[in-house]
Amino acid sequence: MLLLEFRSFLFDGLLNTLLLSLVMILGGTLFAILFAAGLSLPSRWLSRPVFLIVECLRDIPLMVTVLLVYFILPHIGISLNPFWSSALSVSVWGGANGAHIIRAGLAAVPRGQSETVQAFGLSGWKGLLLVVVPQAMPVILPPYISLVTGLVQASSLGAVLGVNELLRSAQVLIEQTTIARGGSPAYLVYGAILVVYFVLCWAIAFVGRRLEAHFAKPYRRDRPSIDRGKDPSQVLVPTVPLDVRT
Amino acid sequence: MDFNYILDALPDLMRGLKVTLTVSGLAILLSCIVGAVGAALRTSGFKPAEYLVTGYVEFIRGTPYLVQIFFIFYGLPSLGLRLSVFWSGVAALTLWASAFQIENFRGGLAAVSHGVRDASASLGLKRWHHALLVVFPLAARAALPSSMNTIVATVKNSAYLQAIGLVELTFVAVDRIAYDFRAIEMFFSICVIYLLCVFALSGLGHALEHRLNRPFAGR
């Protein structure tokens with residue numbers, strides 16, 4: 001079978017996809033933190049331009065951003081190979097989307113927490129990392145995990161610039177076998193690639209759910225506590241729907 | 001930057017924009033229909049249909065859109081379905097957007113409270129009347145913000161279709177760059193055009209939201 005015959009070729013592509021995705025996830029996280037910090041700068045003269053950049057990145061199609069970086073950077077004297085060019089453009093795009101996720105997560109932590117941290121004399125960074133961020137995690141993680149799967153999917157855009165990742169290997173394989181043997185195996189190869197990407201994203205979502213469960217642990221109602229054994233109606237906080245308006 | 005060059009290229013860009021808007025317009029229309037039907041099926045209580053719709057949504061959301069496009073354009077012909085570039089684009093965009101619209105509309109349906117069903121039962125409304133005249137307007141209103149996001153994303157994602165050679169806005173720009181090497185001018189103009197499209201659409205969405213919220217405002 002064709003797929004088994006060229007499995008090492010496709011496997012190389014998969015490795016490159018994983019590498020590219022990893023670079024994009026790390027870069028995206030870095031840009032997200034930078035943009036989130038830029039958005040919350042005290043001076044409006046500094047935070048407004050960051051906001052403008054972030055909004056433009058979110059509103060311009062990713063395909064256009066990827067091509068733009070690839071075509072424009074050489075004009076201003078920076079030449080990147082396709083791998084780093086696509087990594088840069090997708091990272092910046094991921095950062096723009098991630099900045100809003102991080103900002104919303106930090107905003108969801110009550111102000112009292114950061115005030116208490118200050119009262120306890122923890123310096124800015126320590127307090128943020130040790131107290132505020134762990135509490136923001138349950139809000140940040142779900143959209144952040146879907147951003148990570150989005151970045152893995154966006155790594156396929158590298159094929160447009162000619163990075164030898166999974167999609168590009170599939171294209172090459174299809175071209176070669178169509179020329180050599182006649183009859184296009186496109187549906188088979190692309191179908192298999194779709195399944196590979198699906199499994200990859202599913203695995204990320206699985207790990208993400210485990211992480212979410214870890215950070216949600218302090219908020220679980222059913223965990224063992226010293227209150228066990230009392231009348232459950234007194235222990236459990238009654239759930240009142242906050243928004244009863246229809 | 002040479003604005004005269006942009007002026008020169010404008011007719012070409014406008015032709016590209018027309019294709020972009022036609023493809024995404026068709027896809028938006030079709031995906032809203034598929035989304036409504038899919039969401040109805042998913043909450044119908046008929047298990048096989050629910051699994052099928054859920055599987056479809058999960059698969060589309062878990063795979064890269066670019067690979068989906070290639071599968072439809074290059075893969076389907078050898079399975080006996082030959083579509084033109086244009087209709088491949090519409091099909092790919094519709095399939096992708098539908099998965100998201102199903103989720104949006106499902107969220108909208110979930111936001112309709114159960115008391116509404118009892119109310120229309122006590123008024124003696126038939127099931128179809130209840131679904132179309134009571135639940136649908138309420139669900140559509142609740143689903144509007146998220147489905148507006150998907151609609152905007154549909155227009156943006158039509159740019160991916162340049163990869164299979166659909167002559168839309170991005171393709172026109174890249175094509176001209178290949179001849180004239182005016183990358184800065186071309187990318188500047190298509191970015192502005194895409195931004196205008198996105199602003200116009202989201203403005204429309206906000207206006208619609210505001211208009212539909214009138215019965216609930218000021219209380």
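No experiment lies behind these values; they were computed from the predicted model shown. In what follows, chains are A, B, ... by sequence order, proteins preceding strands, each numbered from 1.
- The distance between the ring centers of A/Y187 and B/F71 does not fall below 6.0 angstrom.
- A/S156 approaches B/L66 most closely through the heavy-atom pair O-CD2, 3.5 Å.
- Contacts between B/I184 and chain A at a heavy-atom distance below 4.5 Å involve backbone atoms as well as side-chain atoms.
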> Step by step, would you call B/F187 with A/V64 a side-chain contact (heavy atoms from CB on, under 4.5 Å)?
Replying inline: CA-CA 8 Å; B/F187 277 114; A/V64 175; 4.2 Å; yes

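- Rounding to the nearest 0.5 angstrom, the gap separating the OH atom in B/Y65 from the CG atom in A/L62 is 12.5 Å.
- When the shell of 6.0 Å around CZ of A/F83 is examined, it contains more than 12 heavy atoms from other residues, nucleotides or ligands.
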> Stepwise, does the side-chain contact (heavy atoms from CB on, under 4.5 Å) test hold for B/Y74 with A/Q171?
Replying inline: CA-CA 10 Å; B/Y74 295 109; A/Q171 286 175 327; 5.8 Å; no

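- When heavy atoms are compared at a cutoff of 4.5 Å, B/V174 approaches chain A solely by way of its side chain, counted from C-beta outward.
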> Going through the checks in order, is the side-chain contact (heavy atoms from CB on, under 4.5 Å) test met by B/C191 and A/L68?
Replying inline: CA-CA 9 Å; B/C191 282; A/L68 186 147; 3.6 Å; yes

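- Residues of residues 154-169 of chain B that come closer than 4.5 Å to chain A, counting heavy atoms only, are B/K156, B/A159, B/Y160, B/Q162, B/A163, ordered by residue number.
- Few gaps surround NE2 on A/H75; more than 12 heavy atoms of other groups in view lie less than 6.0 Å from it.
- Remark: A/F198 CZ to B/E58 CD distance equals 6.5 Å, nearest 0.5 Å.
- Using a 4.5 Å cut-off between heavy atoms, B/F181 touches chain A through its backbone atoms (N, CA, C, O) alone.
- For B/R117, the CZ atom sits in a loose shell: 12 or fewer heavy atoms of surrounding residues, nucleotides or ligands are nearer than 6.0 Å.
- Note that CG of A/D59 is 11.0 Å distant from CG of B/L201, once rounded to the nearest 0.5 Å.
- No more than 12 heavy atoms of other residues, nucleotides or ligands lie within 6.0 Å of CZ in A/F11, so this atom counts as exposed by the packing criterion.
- For the atom pair OG of B/S78 and CD1 of A/I174, the computed distance is 9.0 Å after rounding to the nearest 0.5 Å.
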>> Run B/Q68 and A/L194 through side-chain contact (heavy atoms from CB on, under 4.5 Å) and show every step you take.
In response: CA-CA 7 Å; B/Q68 294 164 16; A/L194 279 173; 4.0 Å; yes

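- Here the side chains of B/T170 and A/P61 are not in contact, with every heavy-atom distance at 4.5 Å or above.
- With rounding to the nearest 0.5 angstrom, the OG atom of A/S146 is 7.5 Å from the CZ atom of B/R61.
- Neither the backbone nor the side chain of A/I76 comes within contact range of chain B; no heavy atom of the residue lies under 4.5 Å from a heavy atom of that chain.
- Residues B/V67 and A/Y190 approach most closely at CG1-O, 4.1 Å, considering heavy atoms.
- In this structure, A/M63 CE and B/F171 CZ are separated by 11.5 Å, a value rounded to the nearest 0.5 Å.
- Using a 4.5 Å cut-off between heavy atoms, A/L167 contacts chain B through its side chain alone, with no backbone atom that close.
- Residue B/V198 touches chain A through its side chain alone, counting heavy-atom pairs closer than 4.5 Å.
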